[in-house]
Amino acid sequence: MEKMTAPPPNMAASPLPPPDPCFVLRGAQSAVHALHFFGGAQGQVHPLLLSGSLSGLVHIWSLQTRRAVATLDGHGGQCVTWLQTLPQGRQLLSQGRDLKLCLWDLAEGRNTVVDSVPLESMGFCRSSILAGGQERWMLAMPGRGNDEVQILEMPSKTSVCTLKPEADAKPGMPMCLELWQADSSPRPLLLAGYEDGSVALWDVSERKVCSRVACHTEPVMGFDFDSQKARGVSGSAEKALAVWSLDEQQALQMCRTHELTNPGIADVKIRPDRKILATAGWDHRVRVFHWRTMKPLAVLSFHSATIHCVAFATDGLLAAGSGDQRISIWSLYPISTDSSTPLLGHTEGGEVGAHASA
Amino acid sequence: MGSSCPEVSQPRPRTACRTGPRRPCRISGGIAAAGRPGARGETPGPSGGSVAVSPESPMDSRMDPAVSAVRLTVREAVHTLSSSEDGDRILSTLGSLKRYLGGAENPALPGEQEEFARMHFSALLRCLVGRLSPAWLELLPGGQLEAPWASFFLEGPADQAFLVLMESIEGMAGPSFRLMKMVQLLAQFLGAGRVAAVMESQCWQLAEPAFPLLQETLLAKLVGLPDHLGNRLQRENLAAFLPQNYFPLLGEELLRVLQAVVDSLRDGWDCSISFLSQVLGKACVHGRQKEILGVLVPQLMALTQGNCLWQRVCWRLVECVPDRAMEALLTGLVEAASGPEVLSRLLGNLVMKSKKARFVMTRKILFLQYRYSTPMLQSLLGYLAMDSQRRPLLVQALKELLETWGSSSAIRHAPLPQQRYVSKAVLICLANLREAELRDSRDELLASLMAGVKSRLDSSLPAVRRLGMIVAEVASARIHPEGPPLRFQYEDDELSRELLALVAAQPVADSPSEASPAVAPVAAEAPDRGSTEGGGVPAQAEGAGSDLDSDDDLVPYDMSGDQELKSSKAPAYLRDCVEALTSSEDWERWEAALQAVEGLIVRSPAATREVSVELAKVLLHLEEKTSVVGFEVLRQRALVAVVVTDPAPVAEYLTSQFYAINFSLRQRMDILDVLTLAAQELSRPGRLPKAAQVGSPSPASPSSSTEAPAWRVVVEERIRNKTRRFSQGSARRGPDAGPNEFSLVAGWFFFPLIQHFDRPLVTFDLLGEDQLVLGRLAHTLGAMMYLAVNTTVAVPMGKALLEFVWTLRFHGDAYVRQGLLSAVSAVLLSVPTARLLTDLPDELLEAGPWLADVAEQDSDEDCRVLAVKALLLLEKLKDTLLPLTPP
């Protein structure tokens, strides 16, 4: 884990050589399928990085010591596909392929499962939450039916509704979900990417599809949505990224596609300051784009296997987890400190304590 | 040359040039000018003009009374001096004699002075020396006697005084008061600048055939002074007589005399500087070029600048140097001169006039010696190029240089530094010659160049090949500019840059002017860009809040590495891999297979063993069908991995293929490399434990792995507390010991290779022209021998190898000899000492003299070094033997 600093880009005429990772976390001992940064925004100096692996373990890494400080084993050896912390109460939500969503209590050094939600879909679809800091929060997860999305109210686990597309739509399984709420209205909305390559916007309270746009010809593998600009980007098994937008009438529109060198995008994330986005490629490379113009900025090649997930920290660090069992951490295009733009809500800045230092 | 002289107001040199050649050692100042004041000190020249010393016989008859008067006075004085103990009387006698030296208030007649100087002065001085003693000096109090006594030496005719001084110093036995006095007097003599007077006195004796003996003696004493005094005085020697002080002084005095010569020439007086030349030459022959020329050259450089008279004097000075001293002087001059212009000014057309000089400049320095620096070569060849008369010499030199450069015998036998030296000289010649001149002798030059390139590229020493490539590229471009340019692939290194710089330095008039405008805009642009950048940053900081202008700071990185991934086509099993490599027409798949094969071999040793020989065959015959990056390396590593995984059968196959008929040299050398690398890998200590770890990756839980060291730490801590240690040595353990895996299979590697080397095939003749492979074979065998250390098979291997070395020991190729020598060292290192002595004593006995011979006489430096190393090992062996023999 030697320290390698990427040279800062400058105005030189010839392009800089592609940067190296800041450091590399080894020791997950199986392919890394989920990454999530945790803390680091308010108060806490060094954020933690959570990683979920194929062997069902969740590792908690300290970015200061660059060591795993704790390992959570709650999915019976099945792949962990999604990790998310809740804004309040130092709680972690992990989704595994053992058909369970586990809610962990990480406060004060504890690491116990306090609750779990049974899943009814064997797919790879990652869930999504909508938590505004109140006691109650909303969870969207793939439902019992092949093409259904189930909405639960947590922590009571009451089923709110099941979103089932109309009979003639046949979009296939949901592949990725994102719950969000527009600033203007309190109605929760759900964006869902489907197996047929389309992205649909659901109005959760009315249980109907507001709009749907076909972005890809292959299943949507991952997308991310910038609610401030009402623009999203999605990647699929094919050789292109799709950028789409949402207008005032809640209608999705294709903006453009961006050709890639190699097919297959496993994950897409926009940095919280909305400057750049990163994609996890099946071609072992992380690609970085300028979010506004979609100009390619960097191709980060370090890994020797498919990259399954990428994540951004609030301070701009980029993590990529790969099938080669390594997690690479990169520092690119530092976030300007005087940025007045509000941050996207990927990471919740809860003051999660030094729970794992014991 | 006189016509090119900028000094027009001096009409005389023209006449002088015309009269010059008639009298080789004399510079004529033109027609005698009367009325020259007697400013030449003690040497009388009353009649002046071209006759410096008057003919003797008429003088004698005319001046008879004066002569006898002088004789009488001197005889009386000498008598008084030698017998009297009366101080006052002695003083007055000295005073009366002083009249004859001139300069006193009542000088004697010029005729008398001359007679005194010629006939009586030496005798008087000897008498004075003879009287010298502490008691004699004390005859008058306060050292009143000493000053007049010394003044005879310091003011009288300098040559005689010098000779008497030297003679008396040499003649005196042992340290004594008199010796010390004389030495001090000599130091005073030197300090007063009298050496210049000694030399000057020899410049005016034009008409006399002079006294050759006297001149010879003077010369010997002048130049040999530091030696004589060093011998006489031993430890009491004075600083002024040390060569490093004396020769610069001599240089300065020479310069003063030259100045006097130039002055007198300007006034129209003739003089000869042959004595000065002789002094200079002799000093150089004595090896004091640096000291004397270090003083002379910078001054002459300044004085000859735009001054024809000085130039002429200087040329004459060098011309008159005797042939035997010419080489010493010229090398010193070339070394001291700061460039071809200076050299040309100092030497003139010397090479055209003096055969010896031409020999030294165009042959000796270029071909017979190679110790001179590149700037020296540049100024020498530049000197040849500076005058149209000399340029043919340069062309001739280039022809001969190229011939030497390309001669295969020279390539084989000349040491590498000399080859480098000749190459540099060739390039400098090329840089100095014009295209027209090159065109005239193009065929000849090209012929020797091409022959040279061929024999150089044939060489097995990389450095020789490199020189061939660099010189050939440059030379062909210069000699045959309109032809297709010759291009070789060689890596840029210090030598190539240095050599290319020699050619680039040629004075091409238009290139700098072309280059400068190109440079200027760039220089002008850079600050511009800087300022816009500087201006842009604040603007950005202001508007950082808005999205519109905030994206300029995101500069893309280089994305050229973003290529299509081919790993999807890589085969996952070894058999697929073999199939893809042999029969695939899908080049992406082929490349992917090539890239994957090493990993597959390492990962599945069992599967590899099933197909090992087949795989080796495929890899050996693999051709580079697409331009894969690092094809050679990939193939080699795969082959090494195969050999390591399944050593015996694959090594057997490869060694048999080494002597098979249908292979290229490249493939044969690949076989050798692969075998060496595999042997190295097999014999590497610590290979086994690591391999075991790779085989079964133990997913040890972190808790258990931290536990084991914990108790050990505790135990070790306790032991350390209870143990007293007296030594300070480190308690670290060495690397884990393990068996040498190569031991089992070394025979498979070694013996098939060494067996057949003397059986030529149609396509492969190791003892013939395939000496490069032979050299590689020798190196490989040596390496295997070394890697077989601590194995039982080492002894028969060593025996076989020494036999192999013995048959080839006089091989003509340096690379082969290097291999053999390193093989000998490997034998000495690997075979246990006891076995060496019992099993191989005769071979070692034979090797000793051969090694000594190589260490002393081989033309290749590496060979000599290797031989010395082997000899040292042999000596060590003898040392271990010695304690055994006495009891």
Side-chain angles (χ1 to χ4, degrees), chain A residues 6-20 27 29-30 55 67-68 71 228-229 239 260-264 271 273-276 281-301 304-306 330 332-341, chain B residues 521-522 525-570 572 588 592 595-596 598-600 602-603 629 696-706:
Chain A
N10 60 22
M11 301 292 276
S14 62
L16 287 171
D20 290 318
Q29 292 190 349
S30 69
S55 59
R67 299 282 188 278
T71 310
Q228 202 180 48
K229 285 183 191 148
K239 239 175 141 176
L260 300 172
T261 318
N262 291 309
R271 198 163 74 176
D273 69 344
R274 297 189 196 83
K275 282 275 174 62
I276 59 175
W282 292 358
D283 61 352
H284 316 172
R285 290 170 198 149
V286 174
R287 282 157 209 284
V288 179
F289 295 89
H290 192 280
W291 172 221
R292 191 168 63 78
T293 61
M294 286 306 285
K295 181 171 74 167
L297 292 178
V299 177
L300 310 178
S301 43
S304 56
T306 304
W330 309 75
L332 302 169
Y333 306 110
I335 291 180
S336 51
T337 47
D338 61 343
S339 172
S340 55
T341 48
Chain B
V522 174
E525 209 173 318
D528 271 2
R529 197 180 294 162
S531 66
T532 53
E533 193 180 345
V537 169
Q540 242 172 49
E542 281 172 46
S546 73
D547 266 0
L548 285 175
D549 52 354
S550 59
D551 51 345
D552 294 332
D553 54 342
L554 305 183
V555 177
Y557 287 94
D558 180 20
M559 279 177 289
S560 54
D562 185 22
Q563 277 141 8
E564 284 196 35
L565 202 66
K566 289 166 191 143
S567 66
S568 55
K569 303 207 170 200
E588 289 183 5
Q595 269 154 0
E598 191 205 352
L600 288 175
V602 172
R603 223 173 297 146
V629 184
S696 58
S698 55
S701 62
S703 58
S704 71
S705 69
T706 51

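Just the heavy atoms: all of them, side chains too, but no hydrogens, waters or symmetry mates, feed the values below.
Using a 4.5 Å cut-off between heavy atoms, W282(A) contacts chain B through its backbone alone, with no side-chain atom that close. Contacts of L300(A) with chain B are absent, with no heavy-atom separation under 4.5 Å from either backbone or side chain. Looking at T261(A), the atoms closer than 4.5 Å to chain B (heavy atoms on both sides) sit in the backbone and in the side chain alike.
Between K239(A) and N262(A), the closest heavy-atom pair is CG-C, 3.7 Å.
Considering only heavy atoms from C-beta on, V288(A) comes within 4.5 Å of L332(A) through its side chain. Inter-residue side-chain proximity for I335(A) and R271(A) is flagged as met; some heavy-atom pair is nearer than 4.5 Å.
For R287(A), the salt bridge (charged side-chain N to carboxylate O under 4.0 Å, His left out) test picks out D283(A), D562(B), with sequence neighbours left out.
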